[in-house]
Colleague: 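Below are the structure tokens for one structure; questions will follow.
All values reported here derive from a predicted model rather than from experimental measurement.
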Amino acid sequence: MKIKKAAEICHMSPRNIRFYEEIGLIKPTRVENGYRDYDTEDIERLQQIRVLRNLGIGLESIKAYFKKEKTFEQIIQERKKELDLQRKDMDALYRLCEQLEHQDLPLSSSVTHIIENTLQEKKNKQTPPVYGKLLSSNVKNRLSRRALLLNLLASFVLFMILGYIFFGSLLNTLLSYRDTLHQSIINLLIFIIVIAISYINCVYSCKSTYFELREDGIYYMDKQSPCSYWNVFKHILKNDYLSCMEFVSFDDLAAVKVDAQTKGMITGGNHLISFFIILFTKDERAIRLDSNLFFGEDHFMLVFRVLHDKAPKWIDPKHLDRILELPHEKAYKILDDFYWEQRPWHKTPMYQKWKTKQSKGREK
């Protein structure tokens with residue numbers, strides 16, 4: 001059956017069903033024209049997903065259950081622990097409200113200050129923040145403590161070799177006239193210089209352009225992000241790089257747009273262009289995700305579809321409904337062709353001459 005019929009039976013939206021397919025929870029068959037065909041097993045799986053999501057169970061736990069990595073009892077126990085923590089938080093807030101009610105005080109500046117201090121103390125005593133389950137990322141462990149230490153070690157080895165080649169001869173030349181300086185002192189100076197350079201290089205290589213799509217929203221960082229290089233370095237050492245990223249909740253999205261730009265005559269995508277996605281937020285921010293952040297067509301289409309499901313408004317490219325129904329490769333080809341036709345420069349005599357030359361070269 002088609003996706004609309006499956007959505008009616010399972011009391012879901014077609015968007016949700018496509019999203020569950022993107023993250024691997026269901027795998028409907030494809031007919032010859034590329035459209036999805038849902039059988040009874042797919043319907044049963046979707047109904048199970050709906051029930052588990054209504055219980056508040058996360059997608060990663062649901063995946064683990066269907067992969068037989070966890071039993072139903074285990075994921076229910078995990079959910080009970082989460083609810084128990086939430087209940088304790090709610091009880092604490094309830095007791096605070098009761099105290100304020102019995103004291104019968106007006107909301108003066110002093111009372112406001114007391115409430116803020118109490119809530120802040122409660123917040124400080126809580127466990128570290130729990131981020132949403134990962135859906136898509138371009139990080140790939142580059143911001144882990146292990147990767148950072150390996151980068152530091154590699155930098156140290158490289159700069160140590162270069163240090164003895166360049167700094168060693170330089171220091172020997174500058175300090176050779178001093179009889180009191182021994183080779184061990186020169187070696188120590190080289191070692192200190194190499195350590196300093198390696199450390200600085202490692203700190204400044206931490207901050208780059210990264211993004212992650214999670215269940216609770218988009219985490220994003222680039223060179224202009226407010227978090228300093230040093231703070232990024234410290235948080236990576238704590239394995240908590242997400243706290244340095246800017247966060248955009250899906251509820252804060254105002255619109256999403258996909259577009260393309262010319263990359264030149266030689267470099268770029270299939271037709272010498274590259275795609276980018278722009279996220280417009282309610283607080284008037286615009287976050288751009290360029291094609292170099294994606295690991296190929298499949299990754300781009302996954303992010304494209306997830307954001308389409310989450311955004312309240314989509315600035316549509318051509319044939320959007322059809323694109324969402326097709327496999328990654330065909331969907332990307334439609335986008336590629338659509339934006340290619342919007343670029344007037346490829347119809348210029350210069351490009352036609354270059355294209356003719358390329359065609360003759362292939363014929364030979």
Colleague: Got a sec, which residues hit side-chain hydrogen bond (donor to acceptor under 3.5 Å, both in side chains) with S198, two or more places apart in sequence or on another chain?
Modeller: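 S198 satisfies side-chain hydrogen bond (donor to acceptor under 3.5 Å, both in side chains) with no other residue.
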Colleague: Extract all donor-acceptor atom pairs below 3.5 Å that involve side chains of residues 46-59 and protein atoms in other chains or at least two apart in sequence.
Modeller:
{"from": "R50", "atom 1": "NH1", "to": "C10", "atom 2": "O", "distance (Å)": "2.7"}
{"from": "R53", "atom 1": "NH1", "to": "I57", "atom 2": "O", "distance (Å)": "2.9"}
{"from": "N54", "atom 1": "ND2", "to": "R50", "atom 2": "O", "distance (Å)": "3.2"}

Colleague: Would you please name every residue forming a side-chain hydrogen bond (donor to acceptor under 3.5 Å, both in side chains) with Q77, sequence neighbours left out?
Modeller: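 Per chain and number, Q77 pairs via side-chain hydrogen bond (donor to acceptor under 3.5 Å, both in side chains) with E73.
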Colleague: Is the count of non-hydrogen atoms from other residues, nucleotides or ligands lying under 6.0 Å from Y204 atom OH greater than 12?
Modeller: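 Atom OH in Y204 is not packed in, count stays at 12 or less.
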Colleague: Once you measure the plane-to-plane angle for F211 and H299, does it fall in the parallel (<30°), tilted (30-60°) or perpendicular (>60°) bin?
Modeller: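 F211 and H299: parallel rings.
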Colleague: Verify, without hydrogens or angle tests, whether S249 (side chain) and D251 (backbone) share a donor-acceptor contact under 3.5 angstrom.
Modeller: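 A pair under 3.5 Å: yes.
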Colleague: Taking atom NZ as the centre, does K223 end up with more than 12 heavy-atom neighbours from other residues, nucleotides or ligands that are less than 6.0 angstrom away?
Modeller: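 Counting neighbours around NZ of K223, more than 12 heavy atoms of other residues, nucleotides or ligands fall under 6.0 Å, so yes.
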Colleague: Looking at residues at least two apart in the chain, or sitting in another chain, which of them share a side-chain contact (heavy atoms from CB on, under 4.5 Å) with D91?
Modeller: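 R87, R95.
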Colleague: Going by atom types only, do T281 and D252 share a side-chain donor-acceptor pair under 3.5 Å?
Modeller: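 The answer is no; no qualifying pair exists.
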Colleague: Is any side-chain heavy atom of V303 closer than 4.5 Å to one of F294?
Modeller: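 Yes. Closest side-chain heavy atoms under 4.5 Å.
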Colleague: According to side-chain contact (heavy atoms from CB on, under 4.5 Å), who are the partners of S13, at least two apart in sequence or on a separate chain?
Modeller: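 For S13, the residues satisfying side-chain contact (heavy atoms from CB on, under 4.5 Å) (neighbours in sequence not counted) are R15, N16.
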Colleague: Does L152 belong to the same Ile/Leu/Val/Met/Phe/Trp/Tyr cluster as L237, with side-chain heavy atoms less than 4.5 Å apart forming each link?
Modeller: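 Different hydrophobic clusters.
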Colleague: What pairs with K207 under salt bridge (Lys or Arg N to Asp or Glu O under 4.0 Å), at least two apart in sequence or on another chain?
Modeller: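 Not a single residue meets the salt bridge (Lys or Arg N to Asp or Glu O under 4.0 Å) criterion with K207.
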Colleague: Flag this pair as yes if the NZ/CZ of R305 is under 6.0 angstrom from the six-membered ring centre of F19 and inside a 45 degree cone about the axis; otherwise no.
Modeller: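 Negative - R305 is either too far from the ring of F19 or too far off its axis.
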Colleague: Tell me, do M12 and Y20 make a side-chain contact under 4.5 Å, heavy atoms counted?
Modeller: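 A side-chain contact under 4.5 Å exists here.
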Colleague: For a 4.5 angstrom cut-off between non-hydrogen side-chain atoms, does Y332 reach I323?
Modeller: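 SC-SC contact between Y332 and I323 ruled out.
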Colleague: Using side-chain heavy atoms (C-beta onward) and a distance below 4.5 Å, is K282 in contact with L253?
Modeller: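 No, too far: nothing below the 4.5 Å cut-off.
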Colleague: Does the side chain of K257 reach to within under 4.5 Å of the side chain of L279, using non-hydrogen atoms?
Modeller: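 No, side chains not in contact.
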Colleague: Tell me, please, which residues at least two apart from H235 pass ring-ring contact (aromatic ring centres under 6.0 Å, His included).
Modeller: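 Expected list: none.
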Colleague: Between T29 and D37 (side chain of the first, backbone of the second, donor and acceptor by atom type, cut-off under 3.5 Å), is there such a pair?
Modeller: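 Between the backbone of D37 and the side chain of T29 there is a qualifying donor-acceptor contact (under 3.5 Å).
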Colleague: So, using salt bridge (Lys or Arg N to Asp or Glu O under 4.0 Å) as the criterion, who are the partners of E78 when residues are at least two apart?
Modeller: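 For E78 the salt bridge (Lys or Arg N to Asp or Glu O under 4.0 Å) partners, ignoring immediate neighbours, are K70.
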Colleague: Between K310 and L213, is any pair of side-chain heavy atoms under 4.5 Å apart?
Modeller: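 Sidechains of L213 and K310: no contact.
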Colleague: Considering residues at least two apart in sequence or located in another chain, which fulfil the salt bridge (Lys or Arg N to Asp or Glu O under 4.0 Å) criterion with E82?
Modeller: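 For E82, the residues satisfying salt bridge (Lys or Arg N to Asp or Glu O under 4.0 Å) (neighbours in sequence not counted) are R79.
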Colleague: Among the clusters formed by ILVMFWY side chains lying less than 4.5 Å apart, do L150 and L158 turn up in the same one?
Modeller: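 In one cluster with L150: L158, no.
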Colleague: Under the side-chain contact (heavy atoms from CB on, under 4.5 Å) test, which residues partner S205, sequence neighbours left out?
Modeller: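 side-chain contact (heavy atoms from CB on, under 4.5 Å) list for S205, sorted by chain: N151.
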Colleague: So which atom in V232 and which in C244 form the shortest heavy-atom distance, rounded to 0.1 Å?
Modeller: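 Taking V232 first and C244 second, the nearest heavy atoms are CA-SG, 3.8 Å.
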Colleague: List for me each residue that meets side-chain contact (heavy atoms from CB on, under 4.5 Å) alongside P28, sequence neighbours excluded, and say none if there are none.
Modeller: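 Only E21, I26, R36, Y38, D42 meet the side-chain contact (heavy atoms from CB on, under 4.5 Å) criterion with P28.
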Colleague: Going by distance alone, is a donor N or O of one side chain under 3.5 Å from an acceptor N or O of the other, for Y241 and E212?
Modeller: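 The criterion, which ignores hydrogens and geometry beyond distance, is satisfied for E212 and Y241.
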Colleague: If you group Ile, Leu, Val, Met, Phe, Trp and Tyr whenever their side-chain heavy atoms sit less than 4.5 Å apart, what else falls in with I278?
Modeller: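 Besides I278, the hydrophobic cluster comprises F276, F280, I315, listed by chain and residue number.
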